[in-house]
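Reckoned from all heavy atoms, side chains included, excluding hydrogens, waters and symmetry mates. Here is the naming used below: chain letters follow the sequence lines, and residue numbers restart at 1 for every chain.
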There are 2 protein chains.
Amino acid sequence: MPDDGARNGTAGTAAPGAPRPGRRPATTRDELTHLALELFAAKGFDATTVDDIAAAAGIGRRTFFRYFASKNDLPWGDFDERLEDMRKHFARIPDGTPLMEAVRIATIEFNRMPPAEVRYHRERMALLLRVPTLLAHSTLRFAAWRQVVAEFAGHRLGLPEGDLQPQAIAWAALGIALSAYEQWLDHEDSDLSELLDRSLCMLNSGFSSR
Amino acid sequence: MPDDGARNGTAGTAAPGAPRPGRRPATTRDELTHLALELFAAKGFDATTVDDIAAAAGIGRRTFFRYFASKNDLPWGDFDERLEDMRKHFARIPDGTPLMEAVRIATIEFNRMPPAEVRYHRERMALLLRVPTLLAHSTLRFAAWRQVVAEFAGHRLGLPEGDLQPQAIAWAALGIALSAYEQWLDHEDSDLSELLDRSLCMLNSGFSSR
DNA sequence: CACGCTAATGGCACCCAGTGCCAGAAGGAA
DNA sequence: TTCCTTCTGGCACTGGGTGCCATTAGCGTG
């Protein structure tokens, strides 16, 4: 059995929660993520073994893999829930808004974060986009992001989401967002929202103006 | 194993004779790729171990890793040389050609193949884009492709290739090409060049027309 | 022919990620 | 206490990938 990680940890949020039977989880995904990120920053991603992380968390190596399917998944945090937010955001965009305009807005919104978290997010994204192993793995996560965009585009165009145009839009939007992220990481003083806005406008004008 | 031919290492590039000193390589990258692709088709990528491949080729496991840095690299064949071709192709495009038009043409050209190879290429690409491990790994190869496009775009725009616009163009072009590839794989009777042409035209018009 | 130079091979030990199995540990409720 | 449940974590095993090093195989020269 894949033994799929993450059950009722119920990390951050309160949720006093109905007292369930059985032994309590020894830790949470959040805790492991934080801990691991510190180790990565200190020793580097590749040099940090799962044993290191488990030891630091005071759990067994085997247990670690019940919280995360792989070491690569550690930096992704609550990505899947964020995707749901984006789906909802798309749903709230007025029908009158042009398709690519909606994509632009939703993408910017998806990547908005409180100023206090900028520093943290930057570190996380630097890991994800600059450590080759993680960059490779990220492709699989990004596929889920593309899926959300393709769903919306397909809906708007009255086409199946698997058709060329919705898929092309989703792929292009992802590519554009990643190029903006790379600029953001390269330039300490840059603003992510602005970079996303600029690059998505380029996309929407077919890179014609200069 | 019939390790006949495959005399000269460095198959492909010139230097027909050039009697070098030292022991002859036991096989070639090409031979290993072919062999492996057959095994993948028969047993699946994940179920085929490096030991299987090495055994089938009649070489030691250790030797395999001197021909390919990883099992994931097997299906990529001569990709790097093909990239050089694309670089040259870009260089030959007349200066009068609009930038995005040049990108469209070069992308289509890069992905052109003799009809006899279509079947083979389809199988290879299905592996690369549908086996999760390989899809993830492919990101790293695609980075090199983007680099070629970004170089050209940067050159044309008079900007460093690392700037937002060249990078955005490269990312978008890659995304578009991949969406075309997915359609091609999904529809047995489709034509890759045509799909690339259609999706790149969409890109160049900012996905505006319908 | 024997020697030395060079370039490749391949066995061995080892590291690390990830998995199946299973015997417990820890909690609530009867 | 006993039962039931959930989570833990040790153990053994697979498979990719690497460092080390002795060995093999070609070539040229004395």
Side-chain angles (χ1 to χ4, degrees), chain A residues 1-11 16-29 31-32 36 39-40 43-76 131-134 136-137 140, chain B residues 1 3-4 6-11 15 17-29 31-32 36 39-40 43-76 131-134 136-137 140:
Chain A
M1 295 314 170
D3 221 347
D4 166 52
R7 54 217 66 243
N8 257 351
T10 49
R20 291 165 306 117
R23 182 175 179 170
R24 282 303 94 86
T27 182
T28 62
R29 287 173 58 93
E31 198 179 319
L32 287 177
L39 288 177
F40 294 161
K43 308 178 36 174
F45 180 80
D46 291 319
T48 306
T49 71
V50 171
D51 282 297
D52 292 339
I53 300 166
I59 63 175
R61 164 196 175 66
R62 189 64 185 82
T63 301
F64 170 87
F65 284 107
R66 291 209 181 82
Y67 283 82
F68 289 92
S70 80
K71 180 184 165 189
N72 293 334
D73 286 319
L74 271 170
W76 285 91
V131 175
T133 317
L134 289 174
H137 183 73
L140 308 176
Chain B
M1 286 309 111
D3 77 72
D4 76 74
R7 288 281 102 120
N8 288 339
T10 63
R20 290 164 308 118
R23 184 175 178 170
R24 282 308 92 84
T27 181
T28 61
R29 288 172 59 93
E31 198 180 319
L32 287 177
L39 288 177
F40 294 160
K43 307 179 39 176
F45 180 81
D46 290 320
T48 306
T49 71
V50 171
D51 282 297
D52 292 340
I53 300 166
I59 62 174
R61 166 197 175 64
R62 190 62 185 81
T63 301
F64 170 87
F65 283 108
R66 291 212 180 80
Y67 283 82
F68 289 92
S70 81
K71 181 183 164 189
N72 292 334
D73 286 319
L74 270 171
W76 285 92
V131 175
T133 316
L134 290 175
H137 182 73
L140 308 177

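The side chain of B:Lys71 has D:dG17 as its nearest neighbour among D:dG17, C:dT9, D:dC7. Distances from the side chain of A:Ala26 to the nucleotides C:dC16, D:dT8, D:dC11 place D:dT8 closest. Side-chain proximity of B:Thr49 to C:dC16, D:dG26, D:dG15: nearest is D:dG15. When distances run from any side-chain atom of A:Arg62 to the nucleotides C:dG20, D:dC7, C:dG10, the shortest one goes to C:dG20. In this structure, the nucleotide among C:dG10, D:dT18, D:dC7 sitting nearest to the side chain of B:Phe65 is D:dT18. When each of D:dT24, D:dG26, D:dG17 is scored by its nearest atom to the side-chain atoms of B:Arg23, the top-ranked nucleotide is D:dT24.
For the pair B:Asp46 CG and D:dG16 P, the computed distance is 9 Å after rounding to whole Å. Computed from coordinates, the A:Arg24 CZ to C:dG24 P distance equals 23 Å when rounded to whole Å. Between the P atom of D:dC11 and the CG atom of A:Asp51 lies a distance of 13 Å, rounded to the nearest Å. Across the protein-nucleic acid pair, B:Arg20 atom CZ and C:dC5 atom C1' stand 14 Å apart, rounded to whole Å. Whole-Å rounding puts the A:Phe64 CZ to D:dG10 P distance at 16 Å.
Nearest-nucleotide assignment on DNA chain D puts the 5′-proximal partner with A:Gly60, out of A:Gly60 and B:Phe45. Each of B:Ile59 and B:Pro21 was assigned the nucleotide of DNA chain C with the nearest heavy atom; the assignment lying further toward the 5' end belongs to B:Pro21. If B:Tyr67 and B:Gly22 are placed on DNA chain C by their nearest nucleotide, the residue sitting closer to the 5' end is B:Gly22.
In terms of polar N and O atoms assigned as donor or acceptor, the side chain of B:Arg61 comes within less than 3.5 Å of the base of D:dG16 in a complementary pairing. One N or O donor and one acceptor, one from the side chain of A:Arg66 and one from the base of D:dG9, sit under 3.5 Å apart.
B:Arg23 places no side-chain N or O within 3.5 Å of a backbone atom of B:Pro21 that could act as its donor or acceptor partner. No donor-acceptor distance shorter than 3.5 angstrom exists from the side chain of A:Arg29 to the backbone of A:Thr27, with no hydrogens or angles considered. Counting only distance, with no hydrogens or angles, the side chain of B:Thr63 and the backbone of B:Ile59 share no donor-acceptor pair below 3.5 Å.
Taking NZ from A:Lys71 and CZ from A:Phe40, the interatomic distance works out to 5.5 Å, rounded to the nearest 0.5 Å. Remark: A:Arg61 CZ to A:Thr49 OG1 distance equals 8.0 Å, nearest 0.5 Å.
Proximity of A:Thr63 to the phosphate of D:dG9: a side-chain N or O atom is located under 4.0 Å from OP1 or OP2.
Contacts of A:Thr133 with the nucleic acid, taken as non-hydrogen atoms under 4.0 Å apart, are absent.
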